2 protein chains.
Amino acid sequence: MPRHTDAREKMVTSAALLIREDGIAGTGFRDVVAHSGAPRGSIGHHFPGGKEELVSDAVRWAGAIATRAIARAAERGTTEDAVRTIVAIYRRSLTDTQFAAGCPVGTVAQEGHSNPALRAATKQVFDDWRAILFKSLKRDGWRAKEARRLADGAIAGIEGALMMARVDQSTTPLDHTEQILLGAVRRPG
Amino acid sequence: MPRHTDAREKMVTSAALLIREDGIAGTGFRDVVAHSGAPRGSIGHHFPGGKEELVSDAVRWAGAIATRAIARAAERGTTEDAVRTIVAIYRRSLTDTQFAAGCPVGTVAQEGHSNPALRAATKQVFDDWRAILFKSLKRDGWRAKEARRLADGAIAGIEGALMMARVDQSTTPLDHTEQILLGAVRRPG
DNA sequence: GTCTATACGAAGATAGAC
DNA sequence: GTCTATCTTCGTATAGAC
């Protein structure tokens, strides 16, 4: 079972951390090995699918962490709480890295959109997020059609705001977008 | 005046078209020369600053086109019209390319954020868009604070929706985000 | 100004020793 | 499993002929 080695897991998490800062092309196997402390010679062994396999797993790993946090927030509160949770996660990663780190999922979504395997991995994560927000919005009283719109708009807004925040080297675009989104998802009626 | 050669301009526009699909790393000088039909030997001559200069100019060129379109729409109508105009531009580029083409500015914003020159070029474009939307929102009756929020939220939403649309291979995320944004910028009171 | 040829480095993939 | 060495490809940058 080469799928659950320690070295392999370390490489996947390192890849996710590096990709959210430097992108796919900017993150070589060299960097991943150096960052993870994993043995150099085991790359081909653990990732027979090459870089595509490494990046896919990194997206799924990072996406799953965010998915769990959003789901937990949505279960305990309203959609506003879920939005606040997502934004807080990414605001934190921005400030922790002097605005170098964006969302690894969004990064791969853009840079890897022409690769079917990578596109599938990112789509799965976005679908998970959409499903959680949709369910939460319905519970808040929104109709299905409007809930679908708001879920897409919220994810799009946060991903786009992250992009702007890195360019501005400031959390302001993210803060502004959060305020707009909180106003939009507030319980209807 | 090596700044306004025909060959140079062709290379800049080709670079913008290629980058919006394949990103910075995915767009080599080879591709730009092949796509533009420009003479191979003139790269170093026209772009002494290398790829950084080519990409910066591509961002500015593509950004300026969008800026003009947005400004014109905002002058003639409300902010809703401006939003509709931006979204229409990018929806068109998605469908024209089978969802291969995103926004070249957003692509460089993500992939080139660690390069000061590229970050400056993208920031300039985003600042232009923000300024136009801010002015338009003020004219629609919004207070300055709210206008600033909405301008950031609109740009973030559209850029993020473009990313999602490419992953989904569908304009739906963009359509949904547009509807949310149109509701948000609607004249207050 | 334009071109060809090439230098130089970095990347991913691979083969074979231990 | 791990490692080293190498192959091949591809990128940018540059030098020098026309």
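In this text the structure is predicted, and so the values were computed from the model without any measurement. First the proteins, then the strands, lettered A, B, ... as listed; each starts at 1.
Position along DNA chain D of the nearest nucleotide to A:Ala7 versus B:Phe47 favours A:Ala7 as the more 5'-ward residue.
The existence of a salt bridge linking B:Glu146 and B:Arg149 is confirmed by a sub-4.0 Å separation between a basic side-chain nitrogen and an acidic carboxylate oxygen. The pair A:Arg76-A:Asp81 does not count as a salt bridge, with every side-chain nitrogen at least 4.0 angstrom from each carboxylate oxygen. Ionic pairing of A:Glu80 and A:Arg186 is present here: one or more N-O contacts between side-chain nitrogen and carboxylate oxygen are shorter than 4.0 angstrom.
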- Classify every nucleotide of nucleotides 9-18 of chain C by which part a protein heavy atom approaches to under 4.0 Å, writing B for the base, S for the sugar-phosphate alone and - for neither, in 5'-to-3' order. --BSS-----
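When the side-chain nitrogen and oxygen atoms of A:His46 are compared with OP1 and OP2 of D:dT2, one or more of them lie within a distance under 4.0 Å.
Under the 4.5 angstrom side-chain criterion for Ile, Leu, Val, Met, Phe, Trp and Tyr, the cluster partners of B:Val185 are A:Ile180, B:Leu137, B:Trp142, B:Leu150.
Sorted by first and then second residue, the side-chain hydrogen bond (donor to acceptor under 3.5 Å, both in side chains) pairs involving residues 15-27 of chain B (not counting sequence neighbours) form an empty list.
Here the side chain of A:Ser42 pairs a donor or acceptor atom with the backbone of A:Pro39 at under 3.5 angstrom.
Atom NE2 of B:His45 is separated from atom C1' of D:dA15 by 15 Å (rounded to the nearest Å). If you take CG of B:Leu54 and C1' of D:dG11, they are 14 Å apart, rounded to a whole angstrom. As rounded to whole Å, 16 Å separates atom P of D:dT6 from atom CZ of A:Arg40.
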